[in-house]
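Following: one structure in structure tokens, then a few remarks.
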Amino acid sequence: MADLAASLDRILHHLFDNFLDGYFYPFILEGLLLTIELFLLSLALSVVLGMIGAVAKLSKSRIAQANAAVYTTVIRGEPNLVTIFVIFYGGQILVNNIGDKLGLGYIDVSEFIAGTITLGVIFGSYMTETFRGAILAVPRGEIEAGYAYGMTASKVFFRITLPASIRHALPGFGNNSLVLLKDTALLSLIGLQDMLFRAQQAAGATRKPFTFYFTVAVIYLILTALSKLGLRWLNKRYSVGVRRA
Amino acid sequence: MDVAAIIDNLPLYFKGLGITLSLVSGALVCGMVLAIPIGLLASVRNPLIWALPKAYIYLFTGTPLLVQMYIIYYGTGQFEALRESFLWPVLKEAYWCALIAFALNTAAYTAEILRGAIEQTYYGEIEAARSVGMSKATIYRRIILPSAFRRALPAYGNEVIFMLHGSALAGIITIVDLFGAARIVNSRYFVPFESFITAGFFYLCVTFLIVWGFKLWEKRWHAHLRPRDTDAAQKVGKLPVSKPG
């Protein structure tokens with residue numbers, strides 16, 4: 001009888017465990033949506049910042065050059081994790097100090113917005129370097145031809161330099177965006193409820209850390225593969241008309 | 001600014017710096033030992049041989065380092081067989097888990113760099129080696145690998161910096177490295193700006209040292225690519241001096 005009770009107990013435990021597992025998979029997948037949103041939004045922000053940074057680095061203004069140089073050197077010189085903590089925790093204090101002075105009381109900074117801005121700022125510095133190189137790779141003659149037609153400087157930039165530089169920027173852009181995709185996992189450390197954060201909770205509740213962390217790893221692998229496919233397509237599109245040996 | 005809290009804890013930061021450097025150098029050495037055979041096998045043009053090394057590279061470069069570290073540190077505890085094996089004294093220590101995760105991760109990136117460098121070997125060099133009767137092993141040892149290492153050097157310098165920055169993750173799993181020290185100072189005095197920026201400054205200094213070191217190394221290994229210093233060469237009589245008129 002005791003045997004029967006013990007085995008029944010074991011079966012119930014087994015069922016309960018699997019029931020819990022089944023509950024946690026959709027829970028993690030909800031985090032996937034957040035990860036993808038975060039990835040795309042911060043990627044867009046990093047492209048904008050990278051564009052501004054590259055233009056600043058190539059401009060004739062010493063002040064713009066110096067600012068861009070400090071931006072890329074500091075952000076690329078320290079770990080992304082440190083930057084994330086400085087911006088997130090430091091930024092929260094800053095926002096609240098400003099809020100106090102304006103009499104707004106306590107302002108809660110959303111992890112999602114803070115995370116998007118942080119990743120955008122970090123990868124903007126990497127994009128700056130990529131775009132700077134890409135713009136420099138555009139043949140000087142094409143730009144001169146634009147001026148010869150009487151285009152203004154901004155017209156030359158938007159009609160000639162920018163479109164022609166995309167092909168040169170794509171390999172670096174692809175690399176940066178793959179690193180950005182993986183770095184979204186770091187935001188689980190500041191409390192953003194992404195896949196990894198949820199996997200941590202699932203691992204704690206079921207005591208199956210391997211199962212859930214491995215699941216997250218597989219999802220990241222799939223995301224990386226999809227991004228690589230997308231990048232390859234972009235590369236093909238922007239290399240139309242380029243002859244290869 | 002709470003400068004006193006930082007100054008009082010400078011010894012803690014320096015201790016953390018020591019842990020960071022030991023983790024990074026250990027991971028780099030182990031990673032290189034793993035990367036050379038993996039990169040070599042991945043460059044061989046036989047699918048039976050490259051399949052496994054390429055899968056390894058894909059697995060470790062396609063997932064976040066943080067997830068890899070969690071799997072090794074927390075995930076291995078899920079299996080009773082592992083918990084009772086001789087490996088457990090190693091796998092229950094946060095320090096060794098971080099070291100293993102970093103080494104496996106940097107091995108994959110380094111192997112990928114090596115693979116690319118090996119595949120770019122100028123075929124004429126291999127033909128020349130064959131025509132003088134070198135065996136396959138000799139060709140690898142004397143021709144392919146030395147020139148591949150040279151080509152891989154700039155990218156490897158980048159990887160070393162990424163490893164330094166990635167090592168900040170050790171601070172998450174209770175190790176008191178540079179980042180861990182900053183977390184301790186922050187939690188004791190609640191000074192997020194000061195504590196993390198101090199860690200960032202330390203990382204920045206180490207990054208600059210690495211960049212400088214690799215510049216020297218490249219100068220040595222890429223001596224043949226430097227533009228010839230004609231003035232100096234003429235002075236020591238290595239180049240014929242053309243007399244004007």
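Each chain gets a letter, A, B and so on, in the order the sequences are listed, and its residues count up from 1. Predicted model only: the values in this text are computed from it and were never measured.
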(request) Give, for atom OH of B:Tyr70 and atom CD of A:Gln200, the distance between the pair rounded to the nearest 0.5 Å. (result) 4.0 Å
(request) Identify the heavy atoms of A:Gly90 and B:Phe193 that sit nearest to each other, and give their distance. (result) O-CE1, 3.5 Å
(request) Identify which part of B:Leu178 has an atom lying under 4.5 Å from any heavy atom of chain A, answering side chain, backbone, both or neither. (result) neither
(request) With a 4.5 angstrom heavy-atom cut-off, could you sort out which part of B:Phe190 is near chain A: side chain, backbone, both or neither? (result) side chain
(message) Is it the case that over 12 heavy atoms from other parts of the model lie below 6.0 angstrom from the OH atom of B:Tyr74?
(response) yes
(message) Can you confirm whether more than 12 heavy atoms, excluding those of B:Lys54, are under 6.0 Å from its NZ atom?
(response) yes
(message) What's the separation between atom CD in B:Gln68 and atom OH in A:Tyr220, rounded to the nearest 0.5 Å?
(response) 12.0 Å
(message) Once rounded to the nearest 0.5 Å, what's the spacing between atom CZ of B:Phe162 and atom CZ of A:Arg76?
(response) 8.5 Å
(request) Give a yes or no answer on whether the side chain of B:His165 reaches the backbone of A:Leu81 with a donor-acceptor pair at less than 3.5 Å. (result) no
(message) Less than 4.5 Å apart, side chain to side chain, heavy atoms only: is that true for B:Thr63 and A:Tyr213?
(response) no
(request) Would you mind reporting whether A:Lys228 and B:Tyr58 have side-chain heavy atoms less than 4.5 Å apart? (result) yes
(request) Can you establish whether the number of heavy atoms outside B:Arg83 located under 6.0 Å from its atom CZ is more than 12? (result) yes
(message) So for A:Ser227, is it side chain, backbone, both, or neither that comes closer than 4.5 Å to the heavy atoms of chain B?
(response) neither
(request) Taking all non-hydrogen atoms of both residues into account, name the closest pair between A:Lys208 and B:Gln78 and its distance. (result) C-OE1, 3.0 Å
(message) Check this for me: A:Phe112, atom CZ, are more than 12 non-hydrogen atoms of other residues, nucleotides or ligands nearer than 6.0 Å?
(response) yes
(request) Examine whether an atom of B:Ile172 lies under 4.5 Å from a heavy atom of chain A, and if so say whether it belongs to the side chain, the backbone or both; otherwise answer neither. (result) side chain
(request) Would you mind telling me which of B:Leu204, B:Val211, B:Ile161 has the largest number of heavy-atom pairs within less than 4.5 Å of chain A? (result) B:Leu204
(request) Measure the spacing between CZ of B:Phe79 and CZ of A:Phe210 and express it to the nearest 0.5 Å. (result) 4.5 Å
(request) Taking atom CG of B:Leu52 as the centre, report whether more than 12 heavy atoms of other residues, nucleotides or ligands fall under 6.0 Å from it. (result) no
(request) Measure distances from A:Leu221 to the heavy atoms of chain B and classify the residue's part below 4.5 Å as side chain, backbone, both or neither. (result) both
(message) Please classify the contact of B:Phe179 with chain A as side chain, backbone, both or neither, using a heavy-atom distance under 4.5 Å.
(response) side chain
(request) Mind listing the closest non-hydrogen atom pair of B:Val67 and A:Ala217 along with its distance? (result) CG1-CB, 3.9 Å
(request) With rounding to the nearest 0.5 Å, note down the distance linking NZ in A:Lys182 to OG1 in B:Thr61. (result) 6.0 Å
(request) Taking the side chain as every heavy atom from C-beta outward, state whether A:Val82 and B:Phe202 have any pair of such atoms under 4.5 Å apart. (result) no
(message) Between B:Leu59 and chain A, with a heavy-atom cut-off of 4.5 Å, which part of the residue counts as in contact: side chain, backbone, both or neither?
(response) both
(message) Could you report the tightest heavy-atom contact between B:Leu66 and A:Ser188, atom names first, then the distance?
(response) CD2-OG, 4.1 Å
(message) Please rank A:Thr83, A:Val86, A:Leu186 by heavy-atom pairs under 4.5 Å with chain B and give me the top one.
(response) A:Val86
(request) Measure A:Ala199 against the heavy atoms of chain B and call it side chain, backbone, both or neither at under 4.5 Å. (result) neither
